[in-house]
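Only one structure is covered here, and it is reproduced in the block below.
In what follows, chains are A, B, ... by sequence order, proteins preceding strands, each numbered from 1.
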Amino acid sequence: MAQISLTFLDGNARHYDAGITAAAVAADISSSLAKKAISATVNGAHWDLQWPIDADSAIAINTMKDDEPALELVRHDLAHIMARAVQELWPDVQVTIGPVIKDGWYYDFDRKEAFVPDDLAAIEKKMKEIINKREPVRTEIWDRARAIQFYQDKGEPYKVELIESIPGDEPLRMYWHGDWQDLCRGPHLQHTGQVPADGFKLMSIAGAYWRGDSDRTMLQRIYGAAFTNKEGLKQHLHRLEEAAKRDHRKLGREMNLFHMQEEAPGQVFWHPNGWTIYTELQDYMRRRQRAGGYVEVNTPQVVNRQLWEKSGHWEAYQDNMFIVEVDEDHAREKSINALKPMNCPCHIQVFNQGMKSYRDLPLRMAEFGSCNRYEPSGALHGIMRVRGFTQDDGHIFCTEEQIESETETFIAFLDAIYTELGFTNWAIKLSTRPEKRIGSDATWDHLEAALGNACRAAGHEFDIQEGEGAFYGPKLEFVLTDAIGREWQCGTLQVDSNMPERLDASYVGQDGNKHQPFMLHRATLGSFERFIGILIEEHAGKLPVWLAPRQVVVATIISDADDYALEVVAALKAVGVRAEVDLRNEKINYKVREHSLGKVPFILALGAREVEEKTVSVRRLGENKTSVTSLAEIVAELGKAATPPDQL
RNA sequence: GCUGCUGUAGCUCAGUGGUAGAGCGCGUCAUUGGUAAUGACGAGGUCGGGAGUUCAAUUCUCCCUAGCAGCACCA
């Protein structure tokens, strides 16, 4: 038999017969390793201990101490164990797919009756029984016909469909956990007992479409969280609890920022505190955009259907538009309008007024554009996904040659703003040509490369989302993460030649002929609503001082300090600080607690000493200590702290 | 939009086939207290909306609506 050479991490090599399993290699090293082994890494691939190795390879034997493979296997085996538990409890349930995801796994089932929360406890109990049986996992490769027949006989049509969608030349791997069988590409643990019985928890039940297709059956998905030990799970659950405290919907209520109500679903009622954040942010963006060479415009809310037909939005999005019918006295027909769902067609109307020359390009046009979209009810989420919102929108009209440099300039612009707003952790995604598209491959090659080059030139890595671009051009998405790790697209930049064409935008080139400009749709924050939601969660409500709706509360300890408190507040307001007094007949403990919970960055406490010495006792949010400062000093300090970063 | 769950006082939540309760908050009074809850008293609810079953519905059933989780969608 042919010999192969396996090289270990330490550089040593051993020789074995070709076809040896990783399990046998582990056993050859030591019997304790053979017991502890969970999988191998062979030439960088995650390798089941039962799979044969046929050629010279680099190999490492993994144990539970190797976090990445261990988590992968534990979660993957738990998916199978859960599916087995469910089928043991309810034999009529059909199994579908069950992948590993961040922090755990899920498995989708088809079952007539709905799973209820109490079922989760029963399933967990059954899973623990299965784990305690320490049943061996084994695997075989089957040919397609046999596998299809097997699943047809078993009454598992979803598995048949899965096999039919797997490319014909790929071998099908069957796995058994004890007697329970599933189709799976592996790898898996050696036996069910290797799964930590106290390291997992079933989290929730939700609906999910078979194969992610909303035209097909809705299955029932059970989510689980899993770690290699009890402590890992405990920490995860603790993180979830902490994240819930940062939820912008909860903080929005507690800080009295905004509310929403049944009569206006998906639209925000901004309260004075919340609106202060909003206007402060908008003022900042306005200054930033002016400095960035943008001209600001404003365009209509209610726009006749004809323009949307011409732009192509009517055909694609009419179901998601708010339609406004106007029945004028003398009109023979109703006039059909839509609340604008986006600003670009209107911006082209502005661009089209008067002749434009190549000398006018790039023309950067911005609008705080109030838009309405009839979002599907299930998509609404606090102020992050709403039906009425304002974009910090902008369109850059430019030539094809200017696309790359304009993109690079925009990324630098966005980067500076995200940094000033306290975001360090954001990602760029580059969406490339979709199947249905217009334009030549040569143009797509150029545009995709231009966006990628611009990212690199601006010093940013990016992930590629294959085929996710718009039909008219590639796009960049600037993605931020909320408290529990859900990603939200905030900024965006999209290259578009289609709309200038449809809406007849043109400029006179150096050659005296008419040319069509390219258009870069771009937004920095995206929508104020979503961005403020993210901002609240990122800072857990403790906003940077310049954005905090209430920056300073001057709280009296005794009523004899009232006059001085008013004097202090007046001095702070004079330098532009949002300061309030708290003269209530309450103890200082009470006031400190209340304003700390209200996330006020500075509390100034005033008692007899402060009145006497013309000082203030300063308490900063998040600190338990206080310091005493002269009035003049604190006014200067807080005046500076309250200044937006671009004005320092 | 789809599946499941939920909607009781301003907030967080208990509860029941015989028209409701707590804590916090709010108001009044007393208290002038030095950095995360001073005390007493008091006010406050068509139990999301509509229909049905019933002698009687906040409670059971159905429809609608909104919210939550996930899926689908996101110009």
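Stacking between Tyr317(A) and the base of A75(B) is present: ring centres sit under 5.5 Å apart and the planes differ by under 30 degrees.
In this structure, the ring of Phe478(A) has its center no less than 6.0 angstrom from the ring center of Trp488(A).
Among C2(B), C74(B), U38(B), the nucleotide with an atom closest to any side-chain atom of Arg373(A) is C74(B). Comparing G34(B), U38(B), A75(B) by their closest approach to the side chain of Glu610(A) singles out G34(B). Considering only the side chain of Arg619(A), U35(B) comes nearest among A69(B), C2(B), U35(B). Of the candidate nucleotides C68(B), A36(B), G70(B), G70(B) has the atom lying nearest to any side-chain atom of Ala206(A).
Look at the C1' atom in both U46(B) and U3(B): the space between them is 33 Å, to the nearest Å. Nucleotides G4(B) and G17(B) place their P atoms 26 Å apart, quoted to the nearest Å. U59(B) and G18(B) have their C1' atoms separated by 11 Å, given to the nearest Å. Here, A20(B) and C24(B) have their P atoms 23 Å apart, quoted to the whole Å. A distance of about 49 Å separates the P atoms of G39(B) and G1(B), rounded to the whole Å.
For Tyr209(A) against G1(B), a side-chain-to-base donor-acceptor contact under 3.5 Å is present. No N or O donor and acceptor, one from the side chain of Arg216(A) and one from the base of C71(B), sit under 3.5 Å apart. Contact of Thr626(A) with U35(B) (side chain to base): no donor-acceptor pair of N or O atoms is detected under 3.5 Å.
In a base pair of the Watson-Crick type (N1 to N3 plus N6-O4 or O6-N4) or a G-U wobble (N1-O2 and O6-N3), with each distance short of 3.5 Å, A40(B) is matched with U28(B). Look at A20(B): it lacks any Watson-Crick or wobble partner with both distances under 3.5 angstrom. Across all strands shown, the partner of A66(B) is U6(B), judged by Watson-Crick or G-U wobble contacts whose two distances both fall under 3.5 Å. Remark: G52(B) base-pairs with C60(B); criterion is Watson-Crick or G-U wobble with both hydrogen-bond distances under 3.5 Å. Nucleotide G1(B): paired with C71(B) (Watson-Crick or G-U wobble, both distances less than 3.5 Å). U46(B) makes up no base pair with any nucleotide shown, lacking Watson-Crick or G-U wobble contacts both under 3.5 Å.
Note on Gly312(A): nothing from the nucleic acid sits closer than 4.0 angstrom, heavy atoms only. Residue Glu586(A) is classed as a base contact, given a heavy-atom separation below 4.0 Å to a base. Gly382(A) comes within contact range of the sugar-phosphate backbone alone, with a heavy-atom separation under 4.0 Å but no base atom that close. Across all strands, His595(A) comes closer than 4.0 Å to no nucleic acid atom at all (heavy-atom distances). Nucleic acid contact class of Ala608(A) (heavy atoms, under 4.0 Å, all strands): base.
Salt bridge Arg620(A)/Glu637(A): present, at least one basic N to carboxylate O contact under 4.0 Å. One finds a salt bridge joining Lys429(A) and Glu487(A) here, because a Lys/Arg side-chain nitrogen approaches an Asp/Glu carboxylate oxygen to under 4.0 Å. The residues Arg502(A) and Glu309(A) are annotated as not salt-bridged, no charged nitrogen and carboxylate oxygen being separated by less than 4.0 angstrom. Ion pairing between Lys475(A) and Glu477(A) holds under the 4.0 Å rule for side-chain N and carboxylate O. We find that Arg249(A) and Asp247(A) are joined by a salt bridge, their nearest charged nitrogen and carboxylate oxygen being less than 4.0 Å apart.
Mapping Ser617(A) and Ser377(A) onto RNA chain B via the closest heavy atom, the residue that lands nearer the 5' end is Ser377(A).
Between Arg249(A) and G67(B) there is no side-chain N or O to OP1 or OP2 distance below 4.0 Å. Residue Tyr223(A) has no polar side-chain atom (N or O) positioned under 4.0 Å from OP1 or OP2 of G4(B). Regarding contacts with the backbone of U12(B), a side-chain N or O of Arg253(A) is found under 4.0 angstrom from either OP1 or OP2. Phosphate proximity of G70(B) to Arg486(A): present, with a side-chain N or O under 4.0 Å from OP1 or OP2.
In this structure, Gln261(A) places its CD atom where more than 12 heavy-atom neighbours from other residues, nucleotides or ligands lie under 6.0 Å away.
In this structure, CD of Gln318(A) is placed 20 Å from P of C73(B), rounded to the nearest angstrom.
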